[in-house]
Amino acid sequence: MLHITSLDEGLEIFKALGSDIRIQILNILLKENNMSMNQLASRLNITGGALTGHIKKLEECGIITTTAESQGHGNQKLCSLHIDKILIDVEQPIDYSNVYNASLKVGQYSNHSISPTCGLANTETVIGELDDARYFDHPDRYSAEILWLTKGYVEYAVPNFIPPNQDITQISFSFEISSEAPGCDSNWPSDISFYINNTLIGKWTSPGDFGDIRGIFTPDWWPINMNQYGMLKLLVINKHGTYMDGLKISDVSTPQLQLDSTSTIKFKLGVDDDSEHVGGMTLFGKNFGNYGQDINVSINYMPKD
């Protein structure tokens, strides 16, 4: 997902989408991802040279990605969608110049409770044994680029290095996530809960565990019948409530959480035992899945009254 926080920031995106042909390209890739340039040109009934300019514009804006794949007598460039959603947030009730950013590795959790199926892996190997929750305490967990569980949670200590005498007005979490099915199943709903300092701030239902194609950043050694990629989600808590991708999921707000420059901030996410859909959770780091990022955190702040 791409989050645009001002009209000026989104100008190049809007220009890229201001073309009937480029909209046709995106509609085609929504139905048939990973298409070659030749296939796209044929479908659009335009020349390869004409298509190249449109593809370059979409790639520069991060809407699609292209990869070279050997096929037949030469290298065939494949095109695929890089984002599944664009969120345009033009209201700016807070000062975006006062922001502290941090990035957390998926294995950087400070607390956990895990029920199998479960596991962790880094870019080279599975850490320990599959479905053995003891390995969530293994020292190598800090190198993990993917983790999964059926029930339970992982909790992260969020760095809070905003200046003294400041109140936190907004916290944003961006992460790649999916359900955890036996093998893979794109229709495998799971209710995932989110907490800050043990206060439930909201729930979101993941639609499935995706494995139809290999994730863009997923290592080649990773079995094709296991979790390949997730969805990029944006969880925001501000003075109005809690939002997932711009849609309100609860009334819990930053004033209720009473967070400031002295606060310890613990972010917990997982699958509760009493959830309607207990379908597990998978978290992807920057070297697994489709989005090339870890758990990104942004903290907005302003001087105390």
Side-chain angles (χ1 to χ4, degrees), residues 1-89 123 145-146 174 176-178 184 186-187 207-234 245 284-294 296:
M1 188 195 68
L2 178 65
H3 183 207
I4 298 172
T5 57
S6 72
L7 294 177
D8 289 338
E9 179 188 345
L11 184 58
E12 293 304 314
I13 295 288
F14 304 145
K15 288 180 180 179
L17 297 177
S19 161
D20 290 343
I21 291 181
R22 290 196 283 273
I23 293 298
Q24 289 180 55
I25 291 171
L26 297 180
N27 281 328
I28 292 171
L29 291 178
L30 280 170
K31 296 177 181 178
E32 302 177 51
N33 215 3
N34 286 327
M35 289 192 71
S36 72
M37 294 279 285
N38 288 344
Q39 290 172 318
L40 275 172
S42 176
R43 182 74 65 87
L44 294 165
N45 196 27
I46 62 176
T47 66
L51 177 64
T52 298
H54 293 294
I55 293 297
K56 182 179 179 182
K57 188 70 174 177
L58 292 170
E59 191 174 21
E60 287 174 346
C61 293
I63 298 176
I64 69 170
T65 58
T66 61
T67 56
E69 181 172 300
S70 180
Q71 189 178 54
H73 297 290
N75 289 328
Q76 187 68 246
K77 184 172 283 190
L78 298 179
C79 304
S80 60
L81 287 176
H82 184 58
I83 57 176
D84 55 6
K85 187 177 295 183
I86 299 176
L87 172 62
I88 302 173
D89 182 7
T123 56
E145 295 284 349
I146 183 174
S174 173
E176 185 175 353
I177 193 170
S178 74
C184 298
S186 60
N187 185 22
D209 180 0
F210 309 108
D212 52 322
I213 58 173
R214 184 173 294 280
I216 294 173
F217 298 101
T218 301
D220 291 339
W221 66 267
W222 184 252
I224 194 63
N225 63 336
M226 293 182 67
N227 331 51
Q228 293 296 322
Y229 63 92
M231 303 175 70
L232 187 64
K233 308 302 292 183
L234 179 66
D245 296 342
F284 299 82
K286 67 180 180 181
N287 293 307
F288 258 83
N290 275 357
Y291 294 97
Q293 69 164 68
D294 295 314
N296 292 338

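Residue numbers count from 1 along this sequence.
Between C184 and G211, the closest heavy-atom pair is SG-CA, 3.7 Å. Between G208 and S178, the shortest heavy-atom contact is O-CB, 3.4 Å.
The side-chain heavy atoms of R43 and E32, taken from C-beta on, include a pair separated by under 4.5 Å. Under the 4.5 Å side-chain criterion, counting only non-hydrogen atoms from C-beta, P219 is not in contact with N287. At a threshold of 4.5 Å between non-hydrogen side-chain atoms, the residues D212 and Q228 do not count as touching. Residues L232 and Q293 form a side-chain contact, since some pair of their non-hydrogen atoms from C-beta on lies under 4.5 Å apart. Using a 4.5 Å heavy-atom cutoff, the side chains of D245 and K233 are in contact. Between I25 and L51 there is a side-chain heavy-atom pair separated by less than 4.5 Å. With a 4.5 Å cut-off on side-chain heavy atoms, C79 and L29 count as touching. Taking 4.5 Å as the limit, every side-chain heavy atom of N34 sits out of range of all side-chain heavy atoms of T67.
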K56 and E59: salt bridge (Lys or Arg N to Asp or Glu O under 4.0 Å), yes or no, with the steps? CA-CA 5 Å; K56 182 179 179 182; E59 191 174 21; over 6 Å; no
Between F284 and T218, is a side chain to side chain contact (heavy atoms under 4.5 Å, CB included) present by the stated rule, with each step listed? CA-CA 9 Å; F284 299 82; T218 301; 5.5 Å; no
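Note: L40 CG to M35 CE = 5.0 Å, rounded to the nearest 0.5 Å. Taking CD1 of I23 as the reference point, atom NE2 of H54 lies at 11.5 Å (rounded to 0.5 Å). Considering CD1 of I213 and CG of N290, their distance stands at 6.5 Å, rounded to 0.5 Å. Atom CD1 of I177 and atom CG of D209 lie 11.5 Å apart (nearest 0.5 Å). H82 contributes atom NE2, which lies 11.5 Å from atom OG1 of T66 (distance to the nearest 0.5 angstrom). Of the inter-residue distances, the one linking K286 atom NZ with N296 atom CG reads 10.0 Å to the nearest 0.5 angstrom.
In this structure, the side chain of W222 does not engage the main chain of T123 through any donor-acceptor pair within 3.5 Å. Proximity of a side-chain donor or acceptor of S36 to a complementary backbone N or O of L78 within less than 3.5 Å is not detected.
Classified by interplanar angle (parallel below 30°, tilted 30° to 60°, perpendicular above 60°), the ring pair F210/Y229 is parallel.
For N225, the CG atom sits in a packed shell: over 12 heavy atoms of surrounding residues, nucleotides or ligands are nearer than 6.0 Å.
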